[in-house]
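Just follow the structure's listing: the first ligand is 1, and inside any ligand the first atom is 1.
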Amino acid sequence: MQVENFVGGHFRPAVSGETFVKLEPATGAELATVAASGQADVNAAVTAAKAAFQGVWRDMTANQRGMKLHHLADLIERDTEQIITLLAREQGRPTIEMRMMDIPMAVDTLRYFAGWADKLEGRSIPTAGSMGRATLNYTELEPMGVVAHIIPWNAPLMICIWKLAPALAAGCTVVIKPSEDAPIALTHLMRLIAEAGIPEGVVNLVNGIGPNAGRALVAHPDIAKVSFTGSTEVGRAIARDLAGTFKPLTLELGGKAAQILLADADIPRAIDGLLLGLFANQGQTCAAGSRILVHASIADTVAERLAAATNAIRVGHPQDPEAQMGPLINANHKARVDDYVKKGRGEGARMIAGGRAVPENGFFVCPTLFVHPDAGSTLAQEEIFGPVGVIIPFSDDDKAVQIANSTRYGLSTSLWTQDVSKAHTLARKIDVGSVAINCWSPLDARLAWGGHKDSGIGHDLSRTAVTSYLREKTVTVSL
Ligand code: NAD
């Protein structure tokens, strides 16, 4: 497979002709050669996006822009099976996850923001007037211009659409930098963008290595805003690179979500949610609920049931319909996650599930669960981004909140209780962007998604996301 850039409506290799190799997670074999872009490719893409912004997209009626997004949603729906196969091969995720989650959410997100396109209205504001005369004062919402979207590998299509749909609805044009680990499904998305009649240059894609292509893109002087999803470390590097430029920045970064079970939790219902939070996408989600905080009175029961369910997970090839868990994204990441399992044992955590054989080829890791009372341990503090969780018993509810708030992250938390009053009281005390009560992180285009602390700034999704691509201009007319 050859993966090229998409610039000004055309696929093309990197200007330098350089490429890098992308391996298939399930086999470790070569899957694609990908354009390794540099400054010249970024310049060409930003120039195309700027021309499209000024020439067609900004001035297209908002209704027409919305219709293009609806058309793109229809095409993604039409190509569901093809896209799922591409995602499974490049990411290693079992196909059922993309069928249940990524594709429906991408489609719904496009349709939700399509609806916003013609509802972005300014305001009229009464004042005392100016220089003795009455004035008419109003605001207009203007698209910011050309925006950069930097995408991670863990849900490439869905997260790309989270950013693309509000930007296009607002009237911005876009240059996308996919992850070097997941460039393939987004290449297909570019074909659909052309087929949907979105004009040439409105959406451009530049592949390449983060510190080369990504860094050149965010620093380009004609980029008006940057929206990044990825690790806290790279988010921090981008914030440093942009310091002094005043470019608005949305950063969706790492997490270390707690899933808290109070003493009265409905245990059977909670177990399903806990497993999803722990192991969806092989634990490679920003909202991964890898810290299970359980009230001491039910800790043994929960640990026993979770361990049995974890040891029953079928690990296998992502396109095997029986497989419930596939491989991790690449060899380095597998080694990193294996190392956390060793560290957990070294720190004295008790392993209650895991240690089973997994397929030898490819980058598989066995789902693993520990019990460890120390909320300050490496397992409980660091984002592992793999199928490894730790159960931490607690004695009272305030202690649970204290533990939940004790990491540098603040993205999301799940809380399991049947006491309505406690649920809302504790939700207020937990320092995260999203609290889910009696469920695990339900994502929806209508609900803002963003983190506190080292989990980032700004939001994807919801009305908040579309307004983040707009700026407000005030006009005053002396009457
Ligand atoms: P990453 O930070 O390694 O890479 C993300 C993207 O940044 C890639 O496209 C990469 O090429 C690019 N990049 C790397 N260096 C860059 C630089 N100097 N300048 C510009 N771009 C650069 O992250 P990843 O491994 O792809 O994704 C996993 C991380 O993403 C995890 O930490 C996870 O929690 C986070 N994540 C967060 C959310 C959220 O909504 N908060 C969602 C998904 C993933």
For ligand 1, indicate whether the residue [X] contacts it via side chain, backbone, both or neither (heavy-atom separation under 4.0 Å).
X: L411; value: side chain
X: P152; value: both
X: P178; value: backbone
X: N154; value: side chain
X: E383; value: side chain

Exercise for the section: Run the ring-centre check on F279 versus W440 and record whether the distance is less than 6.0 Å. Expected result: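 Ring centroids of F279 and W440 are no less than 6.0 Å from each other.
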Is there a polar contact between ligand 1 and [X], counting only N or O atoms under 3.5 Å apart?
X: G230; answer: yes
X: L253; answer: yes
X: T285; answer: no
X: G208; answer: no

Show me the side-chain donor-acceptor pairs of residues 325-332 shorter than 3.5 Å, one per line, residues at least two apart or across chains.
from	atom 1	to	atom 2	distance (Å)
N330	OD1	N332	N	3.3
N330	OD1	H333	N	2.7
N330	ND2	D181	OD1	3.4
N330	ND2	D181	OD2	3.1

Handout entry: Salt-bridge contact K342-D338 (side-chain N to carboxylate O under 4.0 Å)
Key = no
Problem - Salt-bridge criterion met for R12 and D41 (N-O under 4.0 Å) - result: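 A salt bridge is absent here (no side-chain N lies under 4.0 Å from a carboxylate O).
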Practice task
Go through ligand 1 atom by atom and flag the ones less than 4.0 Å from a non-hydrogen atom of T229.
Solution key: 5 (C), 36 (N), 37 (C), 38 (C), 39 (C), 42 (C), 43 (C), 44 (C)
Exercise for the section: Would you mind running through ligand 1 and noting each atom that sits below 4.0 Å from a heavy atom of I159? Expected result: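 Reading through ligand 1 atom by atom, the close ones are 42 (C), 43 (C).
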Handout entry: Ring-face cation contact, F53 with K50, 6.0 Å cut, 45° max
Key = no
Exercise for the section: For atom CD1 of I96, decide whether the heavy atoms of other residues, nucleotides or ligands shown that lie under 6.0 angstrom number more than 12. Expected result: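 Check fails, neighbour count at 12 or below.
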Practice task
Answer yes or no for G235: is there a heavy-atom contact with ligand 1 below 4.0 Å?
Solution key: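 Heavy atoms of G235 never come under 4.0 Å of ligand 1.
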Practice task
Using non-hydrogen atoms of the residue, decide whether V218 is closer than 4.0 angstrom to ligand 1.
Solution key: no
Problem - Counterpart residues, ring-ring contact (aromatic ring centres under 6.0 Å, His included), relative to F6 (two or more places apart) - result: F11
Problem - Member of T187, L23, L186, I184 meeting the side chain to side chain contact (heavy atoms under 4.5 Å, CB included) criterion with E90 - result: I184
